[in-house]
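These numbers come from a predicted model, not from an experiment. The figures that follow rest on heavy atoms only: side chains count, while hydrogens, waters and symmetry mates do not.
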Amino acid sequence: MIIEFSIEYHTHWGEELFLRKGDESYPMRYVQNGIWSVRVNAEKFFGGKNRVEYFYEVRTEGISTRHEWRSHTIAVPHTPGTVHLRDFWSDIPGWKGAGTAIPVFSLRTKDSFGSGEFMDLKKLVDWAALTGQSVIQLLPINDTTMSRSWEDSYPYNANSSFALHPQYISLIEAGVEPDEDFYKIKEELEALPHVDYEKVSSFKEKYLKKAFEKTRDTLQRQSDYKEFIRQNASWLIPYAVWRALRDEYDTPDFREWGDMAKFTKAKVKMYSEANKKEIDYHCFVQYHLDRQLRQARDYAHSKAVILKGDLPIGVSRDSADAWQFPELFNLDCQAGAPPDAFSADGQNWGFPTYNWKEMSKDSYAWWKSRLKKMSEYFDAFRIDHILGFFRIWEIPVPIKSGLEGHFSPAMPYSGEDLQGLGVARLTSLFLEDPHNKGAFHPRINAKQLPAYAQASDAEKSAFDALYEDFFHHRHNDFWGKGAVEKLSSLLGSTGMLACGEDLGMIPSCVTPVMRHLNILSLEIQRMSKHYGEIFADPASYPYTCVCTTSTHDMSPLRAWWREDRGLTQHYYNDILHRPGEAPYDCTEDICRDIVASHLHSPAMLTILPLQDWLSMSEALRYKGAPENERINIPAKPRHYWRYRMHLKIEKLIEAADFNALVTKMISESSRSTHES
């Protein structure tokens with residue numbers, strides 16, 4: 001049987017159309033009048049499945065430059081011969097939705113064990129569905145176990161881009177038979193206002209090892225367990241060996257692992273066979289985590305709610321990924337961010353930067369594998385620091401200060417360039433490229449250095465022009481083209497809705513590239529993207545965006561209200577248009593006005609932190625200092641990520657008046673759980 005796909009699409013010079021199904025692509029031929037067509041063998045196309053998803057993409061010079069917003073679905077035809085299928089390009093829809101952002105560890109239910117768990121998501125889904133919300137947004141959920149201390153609480157420092165964090169497992173669902181001590185420990189941990197990361201992880205491991213001993217033989221005979229191992233073996237076995245070696249050598253730094261410091265498949269196979277029980281244990285934990293998260297996902301879908309994940313821009317330099325694929329990383333460099341409103345010294349995240357040239361050799365297979373794994377759980381995802389796909393702030397090892405960084409990739413100046421531009425004498429205002437001797441980047445803080453103050457007027461003028469060009473103009477086309485190549489290749493491999501965290505020092509090429517690739521932007525009222533504007537106007541946001549009141553890196557609404565009285569007063573009078581002096585606390589009616597303005601914005605998605613939803617109710621909001629509801633402080637590199645809800649989700653579900661208010665506000669803003 002043959003299926004002939006046809007679609008009308010008017011291309012520009014040099015563009016070609018392709019039909020895409022997963023990693024498979026089928027070149028289409030131009031027929032006439034804007035019609036493109038391709039014929040495929042139905043048996044091969046379906047590959048034994050009853051239904052498959054596919055989409056169309058545009059390529060220019062072999063690079064994907066545009067794809068459909070949403071996939072098509074086709075069932076196996078039962079008509080013999082050739083089936084003719086006429087499609088239409090699926091562009092941006094008009095639906096709008098609302099949702100809640102919260103880390104999994106912050107969830108609290110009657111069943112949790114000192115920290116939120118995947119199974120707790122079901123109850124959050126119940127509340128979301130009850131109030132007309134359609135999205136639950138999470139922080140990264142990968143394993144971050146490194147030192148077994150509270151410092152492992154940082155969710156953006158994963159030891160694996162694929163493995164899930166054991167902290168999120170439901171012990172009883174994984175076969176743990178609770179005893180008196182179990183309930184005693186559970187009660188103690190649940191009485192704490194925050195997550196005690198070390199105790200939760202320690203006790204869960206203790207109980208999981210008992211359950212593993214009891215269920216190991218039976219589990220390994222189960223077909224679904226065998227299938228899980230088979231489908232995930234490429235990352236699962238190296239990760240399990242990494243975990244075992246970390247414990248054996250008491251360090252996650254694989255450079256100190258003797259003969260195992262250098263990864264080879266043969267070594268991993270030999271080690272896994274010699275330490276089978278330990279390897280089986282980690283596979284057992286990952287199997288149950290996968291199973292539980294899939295249950296939560298399926299439950300969410302049954303309630304017309306989707307889960308939105310988070311794709312971290314960085315991976316730990318000591319991770320299983322870096323051990324297995326060291327060639328994909330610049331391990332002598334660290335990723336970070338230039339100085340901004342969060343940190344005058346810039347930020348140093350410690351992650352190695354990516355060797356994009358090496359990654360391109362296999363068409364970014366590692367990234368595609370990451371996204372494929374994410375898509376098993378999520379329908380949408382946030383691209384953490386999407387600017388990193390354009391350029392990253394790179395700091396040489398072992399320098400700590402973000403002020404000593406430079407953009408990579410970049411087009412630094414040669415010594416001859418500096419001579420010709422009249423700034424050759426100002427060498428202290430430049431950094432030499434660590435990988436390209438004789439090439440120089442202007443320092444991000446150059447104008448605050450003594451050498452700049454001591455320069456002549458002519459030199460200052462010349463340097464100012466160079467600085468402006470370098471940081472705002474010189475790289476736009478260069479960065480834009482590179483980002484399109486990377487992102488289009490990755491996005492073409494997944495059906496998830498992509499949302500970018502496009503905050504910070506944003507090059508002018510970023511917005512058009514994101515729009516071109518159908519990536520939603522992130523809009524935050526107190527971080528306006530328009531020069532000179534203190535507060536953005538939610539009513540002027542684009543449709544293709546996610547809007548929010550705050551993020552995990554910012555103070556929640558009520559805490560922000562107390563931080564700067566002058567700013568709060570300006571917001572109170574000029575944004576909320578309320579007369580007189582602003583109250584010291586952000587009252588429930590003020591919070592309702594702020595939330596309403598975000599819900600009524602044109603944004604496709606309005607996703608608010610749970611803390612900001614609860615701020616609208618005097619009865620439900622946190623009674624302690626609002627600052628305690630903050631999740632992270634970016635300027636504090638060793639921040640303890642331990643925020644938990646102060647009330648159980650069961651109580652939230654029972655809050656009839658509050659839920660009626662949220663439902664009404666979402667309904668009045670034309671946001672719903674179903675597409676119109």
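Under a 3.5 Å cut-off, the side chain of Trp561 and the backbone N or O of Cys591 do not form any donor-acceptor pair. In this structure a side-chain-to-backbone donor-acceptor pair under 3.5 Å is missing from Ser601 to Tyr541. Lys96 contributes no side-chain N or O that, together with a main-chain N or O of Arg671, makes up a donor-acceptor pair within less than 3.5 Å. With hydrogens and angles disregarded, no donor-acceptor distance shorter than 3.5 Å links the side chain of Tyr197 to the backbone of Arg148. For Asp179 (side chain) and Phe182 (main-chain N/O), a donor-acceptor pair under 3.5 Å exists by modelled atom type. Looking only at distances, no side-chain donor or acceptor of Gln611 sits under 3.5 Å from a matching main-chain atom of Arg630. Distance alone, capped at 3.5 Å, places no donor-acceptor pair between the Asp143 side chain and the Ser160 backbone. Within the 3.5 Å criterion, the main-chain N or O of Ile524 finds no donor-acceptor partner in the side chain of Thr548. Checking side-chain atoms of Lys123 against main-chain N and O of Met119 turns up no donor-acceptor pair under 3.5 Å. A donor-acceptor pair under 3.5 Å is absent between the side-chain atoms of Thr663 and the main chain of Gly132, judged by distance alone.
Under the 4.0 Å criterion applied to side-chain N and carboxylate O atoms, Lys186 and Glu190 are not assigned as salt-bridge partners. Ion pairing between Glu376 and Arg297 fails under the 4.0 Å rule for side-chain N and carboxylate O. Electrostatic pairing of Glu187 and Lys184 does not count as a salt bridge here, judged by no charged N lying under 4.0 Å from a carboxylate O. The existence of a salt bridge linking Asp318 and Arg246 is excluded, since no basic side-chain nitrogen approaches an acidic carboxylate oxygen closer than 4.0 Å. Ion pairing between a basic and an acidic side chain is recognised when a charged N comes within 4.0 Å of a carboxylate O; Arg621 and Glu588 show no such pairing. Salt bridge annotation for Lys122-Asp126: absent, with no cationic side-chain nitrogen under 4.0 angstrom from a carboxylate oxygen.
Summarising the geometry of Met146 relative to Ala158, their closest heavy-atom pair is CE-O, 4.0 Å, with the distance given to 0.1 Å. Across all non-hydrogen atoms, the minimal contact from Ala211 to Val176 is CB-CG2, 3.8 Å. The minimum heavy-atom distance linking Arg644 with Leu107 is given by the pair NH2-O, 2.9 Å.
Residue Asp298 qualifies as enclosed at atom CG: its count of foreign heavy atoms under 6.0 Å is above 12. Within 6.0 Å of NZ in Lys623 there are more than 12 heavy atoms belonging to other residues, nucleotides or ligands.
For the pair Ile590/Tyr572, a side-chain contact is recorded, criterion being any heavy-atom separation below 4.5 Å from C-beta on. Taking the side chain as every heavy atom from C-beta outward, Phe378 and Lys308 never approach each other to under 4.5 Å. Side-chain contact between Val510 and Met514 is present, with at least one heavy-atom pair separated by less than 4.5 Å. Put simply, the side chain of Thr145 reaches to within 4.5 Å of the side chain of Arg243, judged on heavy atoms. Side-chain contact between Phe658 and Leu614 is present, with heavy atoms from C-beta onward closer than 4.5 Å.
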Check the pair Ser401 / Asn348 against side chain to side chain donor-acceptor pair (under 3.5 Å), numbers first and verdict last. CA-CA 7 Å; Ser401 173; Asn348 185 339; over 6 Å; no

Output, in order, the C-alpha distance, side-chain angles, deciding distance and verdict of side chain to side chain contact (heavy atoms under 4.5 Å, CB included) for Phe118 and Ile169. CA-CA 6 Å; Phe118 288 147; Ile169 200 166; over 6 Å; no

Under the side chain to side chain donor-acceptor pair (under 3.5 Å) rule, what do Gln167 and Ser201 come out as? Steps first, then yes or no, please. CA-CA 6 Å; Gln167 178 186 22; Ser201 297; 5.4 Å; no

Test side chain to side chain donor-acceptor pair (under 3.5 Å) on Gln569 and Asn573; report intermediate values, then the result. CA-CA 6 Å; Gln569 188 65 51; Asn573 296 143; 2.8 Å; yes

Apply side chain to side chain contact (heavy atoms under 4.5 Å, CB included) to the pair Val315 and Ser161, showing each step before the final yes or no. CA-CA 7 Å; Val315 177; Ser161 298; 3.4 Å; yes

Working note: Arg108 + Asp120, criterion salt bridge (charged side-chain N to carboxylate O under 4.0 Å, His left out); need CA distance, chi angles, decisive distance, verdict. CA-CA 7 Å; Arg108 189 188 292 270; Asp120 293 330; over 6 Å; no

Step by step, would you call Ile607 with Thr100 a side chain to side chain contact (heavy atoms under 4.5 Å, CB included)? CA-CA 5 Å; Ile607 302 177; Thr100 294; 5.7 Å; no

Candidate pair Trp349 and Asn157, rule side chain to side chain contact (heavy atoms under 4.5 Å, CB included), full reasoning: CA-CA 9 Å; Trp349 303 325; Asn157 191 41; over 6 Å; no

For Ser316 and Asn159, run side chain to side chain donor-acceptor pair (under 3.5 Å): C-alpha distance rounded to whole Å, both residues' side-chain angles, the deciding distance at 0.1 Å, then the answer. CA-CA 6 Å; Ser316 172; Asn159 63 41; over 6 Å; no

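Here the straight-line distance linking atom CG of Asp379 with atom CE of Met496 works out to 9.0 Å at 0.5 Å rounding. Interatomic distance, CG of Leu293 versus CD of Glu117, reported as 12.5 Å (0.5 Å rounding). Remark: Ile386 CD1 to Glu501 CD distance equals 9.5 Å, nearest 0.5 Å. Note that the NZ atom of Lys664 and the OG1 atom of Thr131 stand 15.0 Å from one another [nearest 0.5 Å]. One distance of note links CG of Asp310 with CG of Asp384; it measures 5.5 Å at 0.5 Å rounding. To the nearest 0.5 Å, the span separating OG on Ser115 from NZ on Lys199 amounts to 14.5 Å.
Using modelled atom types and a 3.5 Å distance limit, the side chains of Ser521 and Glu523 yield a donor-acceptor pair. Using a 3.5 Å distance cut-off with no hydrogens or angles, the side chains of Glu563 and Ser555 do pair a donor with an acceptor. For Tyr239 and Asp321, the side-chain atoms include no donor-acceptor pair closer than 3.5 Å. Of the N and O atoms on the side chains of His598 and Thr549, not one donor lies less than 3.5 Å from an acceptor on the other residue.
Tyr156 and Trp641 have tilted rings, their planes meeting at an angle from 30° to 60° on a 0 to 90° scale. Between Tyr168 and His165, the angle of the ring planes lies from 30° to 60°, which puts this pair in the tilted group.
Listed by chain and number, the residues in a salt bridge (charged side-chain N to carboxylate O under 4.0 Å, His left out) with Asp253 are Arg255 (sequence neighbours excluded). In this structure Ile575 satisfies the side chain to side chain contact (heavy atoms under 4.5 Å, CB included) test together with Gln525, Phe535, Tyr571, sequence neighbours excluded.
Relative to the ring axis of Tyr281, Lys209 places its NZ or CZ within 45° and under 6.0 Å from the centre.
For an aromatic pair to be called close, the ring centres must be under 6.0 Å apart, and Trp242 with His282 fails this.
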List the atom pairs, donor and acceptor, that lie under 3.5 Å between side-chain atoms in residues 580-587 and the rest of the protein, sequence neighbours left out.
unit_1: Asp585; atom_1: OD1; unit_2: Arg562; atom_2: NE; d: 2.8
unit_1: Asp585; atom_1: OD1; unit_2: Arg562; atom_2: NH2; d: 2.7
unit_1: Thr587; atom_1: OG1; unit_2: Asp589; atom_2: OD1; d: 2.5

